[in-house]
Amino acid sequence: MTASPRVLLINPTITSHRHARFPLAILSLSASLDGKHPSTIIDGNVDRDFISTAVRAVSDGSVGAVGVTVMGGPQLLSAIAVSKAIRERLPTVPIIWGGAFPTVCPEAALNAPYVDYAVRGQGEDTFVELLDALAERQDEALDSIAGLTWRLRGQIVHNQDRKFSNGSLARMLPYGKLDNPRQYLTKTYLGSRTIGYQAALGCRFRCTFCGVATMFRGKMALPTAARLEQDLGFMKERFGVNGIQFYDHNFFDREVDMVPLLEVLAKFELPWWCFARSDALVNLSEASWALVKKSRLRMAYIGAESPSDWLLHDIRKGTSRDQTLEAVEKCRAHGVIPELSFMLAPPQDPEGETEKTFEFIRMIKRVHPATEVMIYIYTPLPRQHDNMKAASARMGSELRDCAGRPVVFPRTADEWAEPQWVDYWCHQDAPWLSARLRRRIVDFTTVLGCRYPTIMDIRASAWGKSALRALASWRYRFQRYDHPWELRISRKLIRHWDPRVMSL
């Protein structure tokens, strides 16, 4: 029996080597392929010449397919570059994109000549079935593979969506396939050997701006307590881990399901960070909060998004202004730093809602100055190929740029890689923002970040942070945000981090 050809799995560059975390997406794919298709992993975050590495890997003809995980924004540019290079070197090898970008924009992905297939949603099972069909040259089987977007006689075909699966929670990730796994341990405020880890899958909510909602369609699954204990024990023993950044899309869900996991975390007492919803934190019992404290949760990232309940309802957030305030108080009372994210400048009232959010942030800072704040622009996702519901159609029809023209989303991956759309994907800009409002948001963010330097910045010195606080105090007090040139110069001199860019 002929051995299956090798599959090349690529994580294109998205961050610096210093801030690289385990490439969880391609590790999960590799685990799903074990025993079926041999695989090799290339991580562009640690291999700074990963395109050349990928081209060399396919040059000997041993690679039967290339899988590329792709997020929108800066990773899209490196994904395009490596796909073009592979296509030029070996035009016959199938190139398969998966991840957030092809899930949200499958047609744009397939409108590129260097992409042959797009895997939407959870990719493990779809990817395996596609590789099986390609290995057996069974083109007639392609239309039965759920979650696949492909071409049939030049026309793009979207197969039915794949049902949610929790199968990946049962598989141990093959960390041994990485070159020197210890290089992914990073010094952060959590600990000198912090790792990125994912326990839970998906989210039960469907916020209109969130790619997770498109990926998992309102489904969620938690690991068993035994599995979490096994993984944490492995990480601590093998790598000496002393801090964990949970990349779960929504770690805190129903309390009855969370308690066994909190008990495991309380047993290990490793400082950790996670995503959380304000309603889930507000509804936790005191017994569960005691476990949270014992487990050493340092910070919870909470999507506050807006102080306007009408907007929270419109974007299907499912929380309220009052719950945000109550969650901040709950966190403060139990020794957890709340990290609140806000989406500014919604298209319905960009300037009014932005100023209202500024005031809400200032109010929270008066109550709990240690609260971390992350500021983004509200950028709803484009309408999906199968989503013709009235709410989505209305959202699309209401989007207008500054000149009043309808917003037209890119139709190809190359168009999405243009600077203005990279910024859109990263919630940094939107077509309906005026130059004046854009500048005001940047200036407010600068003044706020200097007045309250983030605890996540372990590079800047204590005196440097004190200097920034002093320099920004008068601007913040009197709300004089315009053109804070002295703060920008000082941030560069002090090497102050922007947490939105540097994460932990």
Side-chain angles (χ1 to χ4, degrees), residues 19 21-22 24 169 184-186 188-191 193-205 207 210-213 215-216 220-225 227-229 231-232 235-236 241-285 288-305 317-319 323-324 327-328 330-341 370-374 454-456 499-500 502-504:
H19 297 282
R21 301 294 195 273
F22 286 127
L24 300 176
L169 294 177
Y184 293 94
L185 275 61
T186 307
T188 70
Y189 76 99
L190 293 174
R193 294 179 298 280
T194 302
I195 62 161
Y197 175 79
Q198 183 171 1
L201 290 175
C203 178
R204 291 189 292 111
F205 299 87
C207 305
C210 184
V212 175
M215 178 78 71
F216 294 95
M220 181 177 181
L222 296 169
T224 64
R227 172 60 195 275
L228 180 62
E229 185 168 5
D231 281 356
L232 295 186
M235 294 291 181
K236 189 173 182 180
V241 166
N242 59 10
I244 307 171
Q245 182 183 15
F246 280 89
Y247 285 130
D248 295 33
H249 307 115
N250 183 18
F251 188 86
F252 284 93
D253 194 50
R254 297 181 178 90
E255 182 172 10
V256 65
D257 298 322
M258 284 304 306
V259 167
L261 303 183
L262 290 173
E263 289 173 344
V264 171
L265 290 166
K267 176 181 178 180
F268 282 88
E269 297 187 36
L270 295 170
W272 56 295
W273 174 102
C274 73
F275 291 98
R277 286 178 57 90
S278 59
D279 50 359
L281 294 177
V282 165
N283 291 323
L284 276 185
S285 66
S288 292
W289 273 112
L291 287 173
V292 167
K293 186 171 184 178
K294 188 174 189 301
S295 69
R296 301 180 67 189
L297 174 62
R298 293 285 305 278
M299 187 180 295
Y301 186 105
I302 304 167
E305 318 309 357
K317 180 66 183 181
T319 59
Q323 285 176 324
T324 296
V328 168
K330 287 276 188 180
C331 287
R332 185 201 63 78
H334 294 91
V336 176
I337 297 174
E339 183 179 7
L340 304 182
S341 69
T371 300
E372 297 275 339
V373 174
M374 306 286 273
T454 174
I455 191 177
M456 291 182 279
R500 296 173 302 172
M502 300 300 183
S503 183
L504 288 173

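On a predicted model such as this, the values are computed, not experimentally measured, just so you know.
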- Task: Just do the ring-ring contact (aromatic ring centres under 6.0 Å, His included) check on Y301 and F275 with the steps written out, would you?
- Result: CA-CA 5 Å; Y301 186 105; F275 291 98; 5.1 Å; yes
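- Formation of a donor-acceptor pair under 3.5 Å by the E305 side chain with backbone atoms of K317 is not found in this model.
- Using a distance-only test at 3.5 Å, with no hydrogens or angles considered, no donor-acceptor pair links the side chain of R204 to the main chain of M220.
- Judged by distance alone, the side chain of E372 and the main-chain N or O of I455 form a donor-acceptor pair under 3.5 Å.
- Between L297 atom CG and L291 atom CG the span is 12.0 Å, to the nearest 0.5 Å.
- Cation-pi contact between R277 and F205: present, with separation from the ring centre below 6.0 Å and deviation from the ring axis of at most 45°.
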- Task: Evaluate the side-chain hydrogen bond (donor to acceptor under 3.5 Å, both in side chains) criterion for residues Q245 and T188: first the C-alpha distance (whole Å), next the side-chain angles of each, then the deciding distance (0.1 Å), finally the verdict.
- Result: CA-CA 10 Å; Q245 182 183 15; T188 70; over 6 Å; no
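- A donor-acceptor contact shorter than 3.5 Å links the side chain of W272 to the backbone of S295.
- From L190, atom CG reaches atom CE of M456 across 9.5 Å, with rounding to the nearest 0.5 Å.
- Here CE of M235 is found 14.0 Å from CZ of R193. Values are rounded to the nearest 0.5 Å.
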- Task: Give the C-alpha distance, both sets of side-chain angles, the deciding distance and a yes or no for side chain to side chain contact (heavy atoms under 4.5 Å, CB included) between L265 and F246.
- Result: CA-CA 12 Å; L265 290 166; F246 280 89; 3.8 Å; yes
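- Across every non-hydrogen atom of C331 and P338, the tightest pair is CB-CD, 4.0 Å.
- Taking CD of E269 as the start and NZ of K293 as the end, the distance is 12.5 Å to the nearest 0.5 Å.
- Within the 3.5 Å criterion, the main-chain N or O of T319 finds no donor-acceptor partner in the side chain of D279.
- Looking at M258 and S288, their side chains never come closer than 4.5 Å, going by heavy atoms from C-beta outward.
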- side chain to side chain contact (heavy atoms under 4.5 Å, CB included) evaluation trace for L262 with F252: CA-CA 10 Å; L262 290 173; F252 284 93; 4.3 Å; yes
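- Scanning both residues, R21 and Y247, for their nearest heavy atoms gives CG-OH, 3.0 Å.
- G196 and L24 get closest at one heavy-atom pair: O-CD2, 4.1 Å.
- Considering all non-hydrogen atoms of both residues, T324 and A304 come closest at CG2-CB, 3.7 Å.
- Distance check: H334 NE2 to L281 CG gives 10.5 Å after rounding to the nearest 0.5 Å.
- Between L228 and A199, the closest heavy-atom pair is CD1-CB, 4.4 Å.
- A distance-only check finds a donor-acceptor pair linking the side chain of Q198 to the backbone of A200 [under 3.5 Å].
- The side-chain heavy atoms of I195 and L185, taken from C-beta on, include a pair separated by under 4.5 Å.
- Residue D248 holds its CG atom at 8.0 Å from CG of L201, rounded to the nearest 0.5 Å.
- Looking at every heavy atom in both residues, P271 comes nearest to N242 through CD-O, 3.4 Å.
- Side-chain contact check for W289 versus V336: some heavy-atom pair is nearer than 4.5 Å.
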